[in-house]
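For reference, the structure discussed in these notes is given below.
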There are 2 protein chains.
Amino acid sequence: MKPDQTAALQPTREVRRASAQPPSTLRDVAEAAGVHAATASRALNPKTRRLVSAETARRVMKAAETLGYQPNPIARSLKTSRSRTVGLVLPDLTNPLFPPIVRGIEEVLEASGYSAWIVNTDNDPKREQAQIDSLRSRQVEGLIIATARLDHPLLRKLHEQGVMMVFVNRRVENLDVPTVTADDATGISLAVKHLADLGHTRIAHLAGPQSTSTGVARSRAFRHAIRDHALEDDPSLVVECARWNEEDGAGAMRELLGRGSDFTAVVAGNDLIALGCYDVFAERGISCPADVSVVGFNDMPFLDKLSPPLTTVGVPHHDVGAEAARMLLDCVEEPERHPRSVLLAVSLVVRGSTAPRRP
Amino acid sequence: MKPDQTAALQPTREVRRASAQPPSTLRDVAEAAGVHAATASRALNPKTRRLVSAETARRVMKAAETLGYQPNPIARSLKTSRSRTVGLVLPDLTNPLFPPIVRGIEEVLEASGYSAWIVNTDNDPKREQAQIDSLRSRQVEGLIIATARLDHPLLRKLHEQGVMMVFVNRRVENLDVPTVTADDATGISLAVKHLADLGHTRIAHLAGPQSTSTGVARSRAFRHAIRDHALEDDPSLVVECARWNEEDGAGAMRELLGRGSDFTAVVAGNDLIALGCYDVFAERGISCPADVSVVGFNDMPFLDKLSPPLTTVGVPHHDVGAEAARMLLDCVEEPERHPRSVLLAVSLVVRGSTAPRRP
DNA sequence: TTGTAGGCGTTATCAT
DNA sequence: ATGATAACGCCTACAA
């Protein structure tokens, strides 16, 4: 990429920048309060404040106030090995599913004086390793992981090392780590029931990666729902996507069409896979919902403005994030507590991509 | 929010976690190499390696390798006041415009061994202040700012204090800070020309906030383009949105309709404002593009799947981010250099939301 | 070329 | 109740 144009846009430039005065340190405060740095430290820390006389505490706090003292988190981290920081490991920030989750996480963390360090792995194990190393070297107190695969040696090792973690959306097989997920089984069951109620009997499933717990859970739920509703249980109606994105969704839809099996409805593993179907429909002149009904999963932003608006399973993204953050903070503060896992309720969001089966 | 269900999902639990062995320090490496820590430090740092004998350097580096030594960035920061980290200040991560920019930024930073600390301000000056304070206390070496307003005392003060900054998308009035923006004027001019070519003569403009340089630039460009094409220059065809989002876009469209002025096309300040128009069209039974053509700005993700697909001005998001990161690294490495600003080329992306004016 | 010593800002453990 | 001291891990004058 080359810049199109380069320009110094302002005609004038200040001669020299004023330097910021160096931030005041604990010693400055102590000095101003006529007291030793150690005492100032105690006075400023609520947990140790009771160790100093009320009078000194007051003096120190006022000095800190007037000097605008802000503790240096780096020095504090070095000394305490803590950081009031957690790492957030995402496969891909450009997936619109994640920003609302991030917001939920940040909201909870912020209320507790924590902040989140966000990294992207691009689904690349090498990058994941590097990013997590980097987070750990920065003393994050825990990790919120959205990249778990069923078989995930790295995460397994971290857990063995006692690294505090919470998984969101997906889990690692047989790993006793707190997890926040949407209720995948119920979501898929709602989707299939909705389609069955519309008269569809040959329903296809574009499954998410079976290397992820979510992909497996949704596929299983799909098979169960098909049986529960006594619909056509035809294996050729199920295609697996290697990744949770539009491209693979489109590929799976092409594969499905190529097989020649009839179907009048599709349950997609998630919304992006459903969008991939839209692409193929556009290519082939297939009309949704007239020819085929589609249901997605997640209710990511802007689906209501698609053509047609996508029927999907609504997941409380913000709550997923908030709950994960809360669980991680619990773990950090009470490491011995038995890990819980949380399943969040979902709901079917009916829009224009589903319609009665054509007679 | 209450979790829907709480469950301990795994039946078994490891008895006790193995603790991670403490990471090895510079002293460990030095000891292993039979050398003093200072020497080890010199050997490990490429800039000072020439100060030690080739032989020692080799020994130290091998020791570091076998011990898996990773320098502790916190200790390093405390000593050097640097952090190989930059802050990224966004108004709202859930705006799909930003993730691709973030990706561009991270790509460049990563290649230089830097990483980005992302914060959201929610367009709240208080939060912005707090977030930036937090970034600075963590010794970020510079800031990439996407929240600039024309009048922005905080950013002005930071600049006076010599804080390294780069602005993306928007700038502060009369502040000589490097900026990366799309070519707003050309973009708007392309949009208006496109509509004029389609036969539209009464074109409305839903302007972005005039408190932002981008809002102002696009409005100005709109007026100029209208005159250049000798179209109806009617002030009642321009409405300002207070924020760059759907809600305010919808409000502005309602205001415009309420005024009763005729128009057959709309140039929206950005894509989200255009989406707000879609909402109002749906409410009122107005058909796009049959009744009204709409053009957005930015080409954020998924616009091609809207109903109708939104014609918009395409901006190289990834490049915006990459260029900003590059400029910030330049500033950090060569603080005395005169600040540049970069204008990136845009292109019109014609989709289904624009059509010839009805006769 | 290498080692010594001091300090970045904070907190924890002594002793007073 | 407070002060002195040391240490977190690293870097860098300075001395040898």
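Order of the sequence lines sets the chain letters (A, B, ...), proteins ahead of strands, with each chain counted from 1. All of these numbers come straight from a predicted model, not from anything done at the bench.
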Intermediate values then yes/no, side-chain hydrogen bond (donor to acceptor under 3.5 Å, both in side chains), Ser134(B) and Ser137(B): CA-CA 5 Å; Ser134(B) 159; Ser137(B) 75; 4.9 Å; no
Let me know the distance between [atom1] of [X] and [atom2] of [N], rounded to the nearest Å.
{"X": "Leu26(A)", "N": "dG3(D)", "atom1": "CG", "atom2": "P", "value": "12 Å"}
{"X": "Gln139(B)", "N": "dC8(C)", "atom1": "CD", "atom2": "C1'", "value": "9 Å"}
{"X": "Arg50(B)", "N": "dT1(C)", "atom1": "CZ", "atom2": "C1'", "value": "12 Å"}
{"X": "Arg84(A)", "N": "dT11(C)", "atom1": "CZ", "atom2": "P", "value": "12 Å"}
{"X": "Lys79(B)", "N": "dC11(D)", "atom1": "NZ", "atom2": "C1'", "value": "5 Å"}
{"X": "Leu78(A)", "N": "dC10(D)", "atom1": "CG", "atom2": "P", "value": "9 Å"}
{"X": "Leu51(A)", "N": "dT16(C)", "atom1": "CG", "atom2": "P", "value": "19 Å"}
{"X": "Arg27(A)", "N": "dG3(D)", "atom1": "CZ", "atom2": "P", "value": "13 Å"}

Near-strand residues of residues 36-46 of chain B, defined as heavy-atom separation under 4.0 angstrom from DNA chain C: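 Close to the strand are His36(B), Ala38(B), Thr39(B), Arg42(B).
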Side-chain donor or acceptor of His159(B) paired with backbone N/O of Arg156(B) under 3.5 Å: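 No: the side chain of His159(B) does not pair with the backbone of Arg156(B).
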Side-chain donor or acceptor of Glu141(B) paired with backbone N/O of Ser83(B) under 3.5 Å: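 Side chain of Glu141(B) to backbone of Ser83(B), a donor-acceptor pair under 3.5 Å: yes, one is there.
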Report yes or no: do [X] and [Y] form a side-chain donor-acceptor pair below 3.5 Å?
{"X": "Thr85(B)", "Y": "Gln139(B)", "answer": "no"}
{"X": "Glu110(A)", "Y": "Ser115(A)", "answer": "no"}
{"X": "His36(A)", "Y": "Glu31(A)", "answer": "no"}

Side-chain heavy atoms of Asp133(A) within contact of Gln70(B), under 4.5 Å: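 Sidechains of Gln70(B) and Asp133(A): no contact.
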Note, Leu135(B) side chain near Arg138(B) side chain (heavy atom, < 4.5 Å):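 Leu135(B) vs Arg138(B): side chains apart.
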N or O in side chain of Thr25(B) less than 4.0 angstrom from dC8(D) OP1/OP2: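 It does not, given that no N or O in the side chain of Thr25(B) lies less than 4.0 Å from OP1 or OP2 of dC8(D).
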Within 6.0 angstrom of Glu65(B) CD, more than 12 heavy atoms from elsewhere: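 No, the 6.0 Å shell around CD holds no more than 12 heavy atoms from other groups.
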First encountered from the 5' end of DNA chain C, between Val52(B) and Thr80(B):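 Going by which nucleotide is closer to the 5' end, it is Val52(B).
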Nucleic acid contacts of residues 64-77 of chain A, taken as heavy-atom distances under 4.0 Å to DNA chain D: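 The stretch gives none, as no residue of it lies under 4.0 Å from the strand.
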